[in-house]
Amino acid sequence: MAHVVAISSSPSSTSRTEAVLGTVTGALSADGHDVHTIALRSLPAAPLLLGDATDPSVAAAAERVTTADAVIVTTPVYKASFGGLLKTFLDLLPQYALQGKAVLPLATGGTPAHVLVVDYALRPVLSSLGATHITPGWFVQSSHVTVAADGSVLLDEAASTPLAEVTRQFADAIGRLSPVRAAVAVA
């Protein structure tokens, strides 16, 4: 199975963005994929803000992304766009870090007015990093996600059904691309 890296750009480990990501990574893990999550909030702030891609923590995170078979990118929506923490990290990746990978963009936000963030803000940045296999992403409205005190997650049908579908499409893309990536690595 494929090695999948999930980029979490939520500043909180108990956010709805994290809950959505956990739902997707749980499904992919259950299908046998090796999933590793990079929580950007755990990277040192100074190197991120100074653009220091040589910092060992930042370099290790970037290496995980560049060597992955597939990448999930999640973000909460702030001021009608994806979060600055994500933008800062993406700016430190090599120019073609996402080339040849399946990429799944996901966003969460408080209002349906932000639904176009995935396609009009995030997708162009992912494309600029060489991503040519960006699968349909999804915007999940925060009111459709409940995170209980014990950490359990409940997605209402407005979120769970389309999220399951984009996860399936992403898994299908991984399956199509993995043999191609393996053949390129051998050659």
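Nothing here was measured: the structure is a model prediction, and the numbers come from that model.
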Discussion item. Holding to side-chain hydrogen bond (donor to acceptor under 3.5 Å, both in side chains), I want the full list of residues that pass it with Ser143, two or more places apart in sequence or in another chain.
Written reply: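 If we apply the side-chain hydrogen bond (donor to acceptor under 3.5 Å, both in side chains) test to Ser143, skipping adjacent residues, the hits are Gln141.
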Worksheet entry | Under the side-chain hydrogen bond (donor to acceptor under 3.5 Å, both in side chains) test, residues paired with Thr54 that sit two or more places apart | Asp52
Fill in: Under 3.5 Å side-chain donor-acceptor pair for Thr74 and Thr17
no
State which residues pass side chain to side chain contact (heavy atoms under 4.5 Å, CB included) with [X]; sequence neighbours excluded, sorted by chain then number.
X: Ser57; value: Leu43, Pro44, Asp55
X: Arg64; value: His3, Val5, His36, Ile38
X: Ser13; value: Arg41

Partner set under salt bridge (charged side-chain N to carboxylate O under 4.0 Å, His left out) for [X], not counting sequence neighbours:
X: Asp156; value: none
X: Asp34; value: none
X: Asp31; value: none
X: Glu63; value: none

Item to complete: Return the minimal non-hydrogen interatomic distance between Leu92 and Pro47, and the atom names on each side.
Response: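 Shortest heavy-atom contact: CD1-O, 4.3 Å.
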Residue pairs involving [range] (criterion salt bridge (charged side-chain N to carboxylate O under 4.0 Å, His left out); sequence neighbours excluded):
range: residues 137-154; result: none
range: residues 113-135; result: Asp119-Arg123
range: residues 86-96; result: Lys87-Asp91

